Amino acid sequence: MNQNRVNELFGAAEALREKGIPLYVQVKKAILASISAGRVLGGDTLPPERDLAKYLDVSRVTVRRAIDELVKEDVLTQRQGAGTFVSERVEQPLNHLRSFTEVMKARGKAITSKWLDRSLGMPHTDECKALKLSEEQEVVRFYRLRYADGKPMALELATIPSNYILNPFAMEGSLYDLLEQQGCRPVRAFQRLRAVSIDEQRAQLLDIPELSAVLYIERTAITQDGTPIEFTRSWFPGDSYDFVAEIHNTI
């Protein structure tokens with residue numbers, strides 16, 4: 001690692017000597033300042049701990065503590081065998097009904113998917129309730145891992161009544177594009193959000209540690225005539241998303 005590059009990103013060693021402030025806090029502040037100034041961007045890799053420790057003239061324990069704190073705050077992300085990265089966060093409005101594909105394309109991301117399941121079957125209890133179906137009404141399920149620029153960004157399990165989509169292999173890209181082609185794209189949706197701990201299987205798919213906090217969202221989307229058409233459950237890594245909503249004073 002080039003010493004000048006490290007100093008350019010995080011400041012010279014002599015700058016990390018503020019009296020009365022622990023060294024790890026000063027290293028943490030230097031990393032945050034570099035991110036705020038745009039010298040390191042979302043997705044960039046930080047220099048190795050040993051290089052930061054050497055060039056900032058602090059111990060590796062000090063650097064590790066600063067990085068651990070920033071990982072807990074979702075500013076940095078660690079991937080085993082790959083290093084420490086500045087977290088890339090996607091800001092997704094909650095007051096607009098958009099598909100994953102539309103959100104990521106708007107941000108210039110290259111979108112790919114890994115299919116985990118495409119099937120036709122009988123609805124489960126929660127699907128019957130959300131979609132107002134009888135137990136005899138078949139549904140199609142689309143379960144896939146979504147990537148943006150090669151990074152796992154979401155797990156999506158979508159359920160659609162089979163009278164709208166009968167062949168589960170009819171969809172390759174955007175679900176909403178397919179529904180729009182059939183004249184039944186949803187126009188509004190109800191969403192329920194909560195933080196959950198990810199299980200081992202889903203953690204491996206998302207390339208995050210087991211029991212990490214993720215954002216779980218249930219969405220029931222409605223067509224123009226008021227018919228529930230889509231019930232989707234999604235798991236989003238907590239270090240990747242900011243969900244925002246505009247709030248109005250109704251008084």
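Fair warning: this is a prediction, and the values are worked out from it, not measured in the lab. Here, residue 1 is the first one in the sequence, and each next residue gets the next number.
V27 places none of its side-chain heavy atoms less than 4.5 Å from the side chain of I67. With a 4.5 Å cut-off on side-chain heavy atoms, M171 and I160 do not count as touching. Under the 4.5 Å side-chain criterion, counting only non-hydrogen atoms from C-beta, L23 is in contact with Q26. With contacts defined as side-chain heavy-atom distances shorter than 4.5 Å, the pair P152/L205 does not qualify. Side-chain contact between I222 and F190: present, with at least one pair of heavy atoms (C-beta onward) separated by less than 4.5 Å.
The same ILVMFWY cluster, assembled from side-chain heavy atoms under 4.5 Å apart, contains both I198 and L157. Tracing side-chain contacts under 4.5 Å through hydrophobic residues (I, L, V, M, F, W, Y), one reaches L145 starting from Y216; they form part of the same cluster. One hydrophobic cluster, built from ILVMFWY side chains closer than 4.5 Å, cannot hold both F231 and L179; they sit in different ones. Hydrophobic clustering (side-chain heavy atoms under 4.5 Å, transitive across Ile, Leu, Val, Met, Phe, Trp, Tyr) groups W115 together with V140. Clustering ILVMFWY residues whenever any of their side-chain heavy atoms sit less than 4.5 angstrom apart, transitively, puts V71 in the very cluster that holds I31.
Within 6.0 Å of CD on E172 lie more than 12 heavy atoms contributed by other residues, nucleotides or ligands. Other residues, nucleotides and ligands contribute at most 12 non-hydrogen atoms within 6.0 Å of the CZ atom of R50. The neighbour count for E135 CD, taken as heavy atoms of other residues, nucleotides or ligands under 6.0 Å away, does not exceed 12. Environment of CD in E210: crowded, with over 12 heavy atoms of neighbouring residues, nucleotides or ligands closer than 6.0 Å.
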- Task: Starting from the C-alpha separation in whole Å, work towards a yes-or-no answer on side-chain contact (heavy atoms from CB on, under 4.5 Å) for V214 and V196.
- Result: CA-CA 6 Å; V214 299; V196 300; 3.5 Å; yes
- Query: side chain to side chain donor-acceptor pair (under 3.5 Å) between R64 and S59: does it pass, once the steps are laid out?
  - Reply: CA-CA 9 Å; R64 187 174 302 117; S59 70; over 6 Å; no
- Message: Walk me through whether L70 and T84 qualify under side-chain contact (heavy atoms from CB on, under 4.5 Å).
- Response: CA-CA 10 Å; L70 291 172; T84 302; over 6 Å; no
- Task: Test I21 against K29 for side-chain contact (heavy atoms from CB on, under 4.5 Å), laying out the working first.
- Result: CA-CA 11 Å; I21 300 178; K29 286 171 63 179; 4.2 Å; yes
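Closest of all the heavy-atom pairs between F236 and M153 is CD2-O, 3.8 Å. Taking each heavy atom of M122 and R141 in turn, the nearest pair found is O-NH2, 2.6 Å. Looking at every heavy atom in both residues, T223 comes nearest to C184 through CG2-O, 3.7 Å. L166 and L120 make their closest contact through O-CD1, 4.1 Å (heavy atoms, listed as atom of the first residue, atom of the second, distance). Taking every heavy atom of both residues into account, P161 and P228 meet most closely at CG-O, 4.4 Å. T45 and F85 make their closest contact through OG1-CE2, 3.1 Å (heavy atoms, listed as atom of the first residue, atom of the second, distance).
From L206, atom CG reaches atom OH of Y147 across 9.0 Å, with rounding to the nearest 0.5 Å. Between the CD1 atom of I217 and the CH2 atom of W235 there is a distance of 11.5 Å, given to the nearest 0.5 Å. Residue K28 holds its NZ atom at 11.0 Å from CG of D68, rounded to the nearest 0.5 Å. In this structure, the separation between CZ on R202 and OG on S197 is 12.5 Å, given to the nearest 0.5 Å. Note: R194 CZ to E218 CD = 5.5 Å, rounded to the nearest 0.5 Å. Rounding to the nearest 0.5 Å gives a distance of 12.0 Å between CD1 of I229 and CD of Q224.
Side chain to side chain, R192 and T220 fail the donor-acceptor criterion of an N or O pair below 3.5 Å.
Between the T159 side chain and the E127 main chain, no donor and acceptor come within less than 3.5 Å of each other.
Considering Q181, R185, E230 as possible partners of Y176, the one that fulfils the side chain to side chain donor-acceptor pair (under 3.5 Å) test is E230.
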